[in-house]
Amino acid sequence: MFLKKLLLNEEEIPKKWYNILPDLPEQLPPPINPQTREPIKPEQLEPLFAKELIMQEMSNERWIDIPNEVREVYRMWRPTPLYRATGLERALKTPAKIYYKYEGVSPPGSHKPNTAVAQAYYNMKEGTERLTTETGAGQWGSALAFACAMFSLKITVYMVKISYNQKPYRKVLMESWGAEVIPSPSERTESGRKMLENFPNSSGSLGIAISEAIEDAVKNEKTKYSLGSVLNHVLMHQTIIGLEAKKQLEQVDEYPDTIIGCIGGGSSFSGIFWPYYYDKVSGKAPKETKLIAVESTACPSVTKGYYVYDHGDTARLTPMLKMHTLGHTFVPPPIHAGGLRYHGMAPTLCLLNKHGMVEARAYNQIDVFNAAALFTRVEGIVPAPEPAHAIKAVIDEALRCKRKDEEKTLLFLLCGHGYFDMKAYEDYFNGKLKPYNYPKEKVDKCIQKLTELYPWLKNEITP
Ligand SMILES: *Cc1c(COP(=O)(O)O)cnc(C)c1O
């Protein structure tokens, strides 16, 4: 007999997050100011972020305490369940054992409140009255709206216009938690107005929405900005996922041969694999674990992008981060996996990829929805389009185990449910999805624009 569902008690919610910075194979290239090319100093980030979060961003402490008030909120849905994908194993007739950690049980339906709650808490402690942020499909916006409601903060969400119009229910969800939601580009900010002047019909992008949210935070008192992925402190908050998963798998004496997750900015996947990476670097891992990050062929930051310093936003308000990027002028094709449409990637993940420690793959949305549809029929949970990318990779790996008759243990992250994505499933069932493959030539063009802006980057470029 095997267990379908591995659970933990509330008391077993981890008390510390794991910070990977002291354990990286080389020092992480720092964020820099593009004019001076000097590393950004912590004080320079203070108009944007709470002090504690800036400290965490640059900290070399390996374990960081999770405040009790944050754990109190986590208790609402944590520890999250870890399932054995028995239905999928049977359907594939694979000898592989497949497990998935499910983050869809949180109130907003994804992993994102793991960091949103922490960020709202530290801001509340430091006297912030309002947070600003951007959101694409609405998952980050709804997570932060929920978190702000928990700590009585105001929140303004700049939502990419195309999603605002096409995904009204996420907007209503954010409003239900008390958020103000503004379609971006908007007339509220200089960056928005400039964009509308040049492109009156702009349907927006994450890069533009970030510019608007940052500008709003910098120009207003007691207002700070909050980011839902990419940055070190955000990824660290997500390690609660992997720390729990490890305890759960220990209950059944399992250790993963392979860990798989989707990557938009890299936070959820980092959250599940960092604790296993720590095992490896501290000599505690009983075996070698392969790490597979899955992105969309429509937004192939790691598989087709360049590893080079770039801005996090279109208006170039953010410092430059060394990361795999499609160029900050990248405008993503309209795929349904909204969370995977960002031009950049977490610098830590990019560094590990460069060192061959994390493999990256890309799939198109037709293959991805085929995988999601199978998963839904045999496991019952409807996955969000983003983690469906991971499911596609899991199925490929499980079928490979079948061909080679290998009884591997696969662990993947089901980072959110897809119950707000019925339009995407409808389009899929009606055969309306297209298998976008973002062309390399277009990437090259955006990167060329980047090097025209910053000629000093030319020497640094590695594909
Ligand atoms: C935001 C989001 C993503 C992408 O972000 P990461 O930082 O890569 O995790 C993926 N899946 C879901 C469900 C999301 O909400």
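Note that ligands are numbered from 1 as they come in the structure, with each ligand's atoms numbered from 1 the same way. One-based numbering along the sequence shown.
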Mutual orientation of the aromatic rings belonging to F375 and F412 [parallel < 30°, tilted 30-60°, perpendicular > 60°]: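 It falls in the perpendicular class, over 60°.
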Take the angle between the ring planes of F330 and Y438 and call it parallel below 30°, perpendicular above 60°, tilted in between.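 Correct class here is perpendicular.
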Residues which pass salt bridge (charged side-chain N to carboxylate O under 4.0 Å, His left out) with K224, listed by chain and number, not counting sequence neighbours: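 Testing K224 for salt bridge (charged side-chain N to carboxylate O under 4.0 Å, His left out), a comparison that skips the adjacent residues, returns none.
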Quick one: list whatever passes salt bridge (charged side-chain N to carboxylate O under 4.0 Å, His left out) with E397, sequence neighbours left out.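 K290, R361, R400.
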Can you tell me the protein heavy atom closest to [atom] and the distance?
atom: atom 13 (C) of ligand 1; result: Q139 NE2, 3.5 Å
atom: atom 4 (C) of ligand 1; result: G339 O, 3.3 Å
atom: atom 10 (C) of ligand 1; result: E386 CB, 3.5 Å
atom: atom 9 (O) of ligand 1; result: S268 OG, 2.6 Å
atom: atom 7 (O) of ligand 1; result: S229 OG, 2.5 Å
atom: atom 15 (O) of ligand 1; result: K112 NZ, 2.5 Å
atom: atom 5 (O) of ligand 1; result: G265 N, 3.9 Å

Hey, does G264 come in under 3.5 Å of ligand 1, counting only N/O atoms on both sides?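 Yes, G264 has an N/O under 3.5 Å of an N/O on ligand 1.
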G266, any N or O under 3.5 Å of ligand 1 N or O: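 Yes, G266 has an N/O under 3.5 Å of an N/O on ligand 1.
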Sort out for me which residue in I260, V394, L411 forms a side chain to side chain contact (heavy atoms under 4.5 Å, CB included) with I98.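 That would be V394.
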If you apply the rule side chain to side chain contact (heavy atoms under 4.5 Å, CB included), what do you find for C299 with L340, and how did you get there? CA-CA 7 Å; C299 186; L340 305 189; 5.6 Å; no
Looking at ligand 1, would Q238 count as a contact under a 4.0 Å heavy-atom criterion?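 Q238 does not count as a contact of ligand 1 under the 4.0 Å cut-off.
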